[in-house]
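The structure appears below as structure tokens.
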Protein chains: 2
Amino acid sequence: MEKINLKDYAENFVDIYNDIQETFPKAVLHQAFICKFSSNEYIVRFDEDIQHLFLLLDGRAKIYIVHENGKRALIQFLKKDDFIGELSLIEVEKNLKDVVAINDCTCLAVPLASSKEHLLNDNLFLHNLSKYLGDKLLKRTDHYTAMQDYEFKNRLAKYILQIENDGCFQEKHTETAEYVGVSYRHLLYTLNQFHEDGLLEKKGRKYFIINKEKLERLSSKKD
Amino acid sequence: MEKINLKDYAENFVDIYNDIQETFPKAVLHQAFICKFSSNEYIVRFDEDIQHLFLLLDGRAKIYIVHENGKRALIQFLKKDDFIGELSLIEVEKNLKDVVAINDCTCLAVPLASSKEHLLNDNLFLHNLSKYLGDKLLKRTDHYTAMQDYEFKNRLAKYILQIENDGCFQEKHTETAEYVGVSYRHLLYTLNQFHEDGLLEKKGRKYFIINKEKLERLSSKKD
DNA sequence: ACCTCAATATGAGATATCTCCTATTATTAT
DNA sequence: ATAATAATAGGAGATATCTCATATTGAGGT
């Protein structure tokens with residue numbers, strides 16, 4: 001993890017810095033700095049106290065919940081403008097999560113201890129936070145209810161459509177399996193089935209969508 | 001649905017009214033009133049606009065998400081002090097949920113249109129709302145991740161312990177099945193198994209816990 | 001009191017999904 | 001560079017869970 005002075009960063013990323021200024025009150029920004037995490041580095045660990053509120057400025061990360069039985073579930077992917085640690089700020093979180101950088105990540109880091117007061121008295125910030133939390137709640141609920149109301153192949157179709165890029169699906173299978181909540185083995189089976197059914201074409205380790213309509217029909221299966 | 005004047009209600013429920021006064025700014029309370037819903041009545045329908053923010057004062061209700069494939073999942077039980085419609089207040093909800101009274105419910109109703117401004121500018125209210133949403137997020141996440149990381153018998157054990165009263169479990173099986181996310185048939189199987197394993201005793205339609213330790217061990221199964 | 005609909009109960013058979021095993025590549029770290 | 005670790009890939013067998021069918025019992029409405 002590498003720390004960078006906020007002023008230095010601001011010079012190179014003017015537009016992002018402007019957005020930051022609209023999100024956080026000035027008094028708080030004086031204490032903030034930039035953190036860079038490299039791929040696979042832990043941003044937050046479930047068994048360590050969290051000291052900062054982060055705002056993800058660049059890169060992708062993933063949140064894991066760690067269960068008592070040792071199993072870990074990938075509960076959310078984070079991208080630009082996502083908060084990390086906002087539940088600690090409002091003091092509702094008892095069990096921290098693991099947050100891991102997927103690729104190189106740049107974050108704004110705000111020390112919790114000294115900023116809490118300011119943030120919780122800033123109306124605009126609170127309003128934004130509420131919207132952010134509400135949105136997160138809805139997304140997470142959708143994700144998980146889909147999980148129990150749809151069969152895996154429907155969910156996988158939806159996931160592929162959601163994450164594909166130029167018709168190419170190249171997520172790590174291990175991560176996909178953790179996120180969509182099936183065993184690695186079963187993911188492979190289903191992927192092969194999609195291949196046999198003429199939905200996907202496999203080239204090396206990548207899959208290409210060759211019948212998008214069919215995949216879309218599968219993703220919103222009503223029967 | 002029966003409407004009652006807030007003043008009339010306040011006379012009979014002084015303590016509850018005091019709590020309400022701390023939650024909502026005065027200007028908003030002037031427009032508020034009391035709603036009484038009877039058992040099985042819809043408080044909110046997924047296909048109708050929502051006009052009020054509700055605060056549940058008495059009774060229990062349940063939230064359903066309605067999927068495109070027609071299936072419905074029970075996503076949360078509501079009790080005293082839970083909000084209904086708070087996501088519409090902050091304008092993040094696109095797909096409404098069904099909210100149904102389980103028994104007779106008493107709610108404070110705040111007209112959304114005329115109160116939105118006031119509420120979103122009240123710092124205390126926003127702070128409370130953030131905490132409420134954060135808490136809801138965590139609970140829902142726990143519920144659903146447990147769903148994929150634990151086998152059904154473990155989850156059922158946990159659920160029974162959570163909802164039992166004086167050692168007696170008497171929830172409707174249909175509701176339980178919807179909440180814990182298995183078919184009614186499979187719930188029955190597992191309940192029978194609990195009976196055979198000496199965890200539960202059946203009397204009429206009620207189940208009584210006869211081996212709590214064993215049930216607790218099952219609920220937090222680490223292996 | 002009678003009818004209707006919802007909830008309870010259970011059987012039989014199908015299958016979606018899991019666990020465990022074993023190889024073969026990629027990636028990362030020393 | 002080379003070892004070590006993680007990711008990909010697939011076989012074989014087990015089982016958790018589902019769907020469908022049917023019968024009985026309970027509760028609410030008129």
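Letters go in sequence order (proteins before strands), and every chain restarts at 1.
- Judged as a side-chain hydrogen bond (donor to acceptor under 3.5 Å, both in side chains), and not counting sequence neighbours, Y17(A) has no contacts.
- For E151(B) and dA16(C), the CD to C1' distance is 15 Å, given to the nearest whole Å.
- Distances shown here put every side-chain N or O of K153(A) at or beyond 4.0 Å from the OP1 or OP2 atom of dT17(C).
- By the salt bridge (Lys or Arg N to Asp or Glu O under 4.0 Å) test, D135(B) is found to be paired with K139(B), residues two or more places apart in sequence or in another chain being considered.
- Between F83(A) and F54(A), the ring centre distance reaches or exceeds 6.0 Å.
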Going by atom type alone, with no hydrogens or angles, which donor-acceptor pairs under 3.5 Å involve a side-chain atom of residues 199-215 of chain A and a protein atom two or more places apart or on another chain?
residue: N211(A); atom: OD1; partner: K214(A); partner atom: N; Å: 3.1
residue: K214(A); atom: NZ; partner: D197(A); partner atom: O; Å: 3.2

Enumerate the protein-to-nucleotides 24-30 of chain D contacts in which both atoms are nitrogen or oxygen and the separation is below 3.5 Å.
none

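- Judged as a salt bridge (Lys or Arg N to Asp or Glu O under 4.0 Å), the pairs with a partner in residues 173-196 of chain B (not counting sequence neighbours) are, in order, K62(B)-E175(B).
- Atom pair L188(B):CG and dC18(D):P shows a separation of 12 Å (rounding to whole Å applied).
- Side-chain contact of T176(A) with E171(A): a donor-acceptor pair under 3.5 Å is absent, judged by distance alone.
- Here N192(A) lies in heavy-atom contact (under 4.0 Å) with sugar-phosphate atoms only.
- Taking side-chain N and O atoms only, T174(B) has no distance below 4.0 Å to OP1 or OP2 of dA6(C).
- Among the atoms of the strands shown, only primed sugar atoms or phosphate atoms (P, OP1, OP2) are found under 4.0 Å from some heavy atom of K172(B).
- Partners of K36(A) by salt bridge (Lys or Arg N to Asp or Glu O under 4.0 Å), not counting sequence neighbours: none found.
- Every residue was checked against the salt bridge (Lys or Arg N to Asp or Glu O under 4.0 Å) condition with D82(A), not counting sequence neighbours, and none meets it.
- For E151(A), the salt bridge (Lys or Arg N to Asp or Glu O under 4.0 Å) criterion is met by K153(A), not counting sequence neighbours.
- dT17(C) atom C1' lies 17 Å from atom CZ of F152(B), rounded to whole Å.
- Between the side chains of E216(B) and S219(B), no donor N or O sits under 3.5 Å from an acceptor N or O.
- Rounded to 10°, the helix from dT4(C)-dA27(D) to dT30(C)-dA1(D) has 70° between the axis fitted to its first five pairs and the one fitted to its last five.
- Rounded to a whole Å, the NZ atom of K206(A) is 18 Å from the P atom of dA7(D).
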Can you give me the N/O atom pairs linking the protein to nucleotides 18-20 of chain C at distances under 3.5 Å, or say none if there are none?
residue: dC18(C); atom: OP1; partner: S183(A); partner atom: N; Å: 3.4
residue: dC18(C); atom: OP2; partner: S183(A); partner atom: N; Å: 2.9
residue: dC18(C); atom: OP2; partner: S183(A); partner atom: OG; Å: 3.0

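- When ring centroids are compared, F33(B) and H52(B) come within the 6.0 Å threshold.
- Y64(A) has its ring centre no less than 6.0 Å from the ring centre of F46(A).
- To the nearest angstrom, P of dA9(D) lies 13 Å from CG of L200(A).
- Contacts of D104(A) classified as side-chain hydrogen bond (donor to acceptor under 3.5 Å, both in side chains), with partners at least two apart in sequence or in another chain: none.
- Contacts with DNA chain D (heavy atom under 4.0 Å) in residues 155-167 of chain B: none are found.
- Taking the six-membered ring where the residue is Trp, Y144(B) and Y144(A) present parallel rings, their angle staying beneath 30° rather than reaching 60°.
- Rounded to an integer number of Å, the gap from CD of E175(B) to C1' of dA7(C) is 11 Å.
- Distance OH (Y207(A)) to P (dA7(D)): 16 Å, rounded to an integer number of Å.
- With rounding to whole Å, H173(A) atom NE2 is found 17 Å from dT25(C) atom P.
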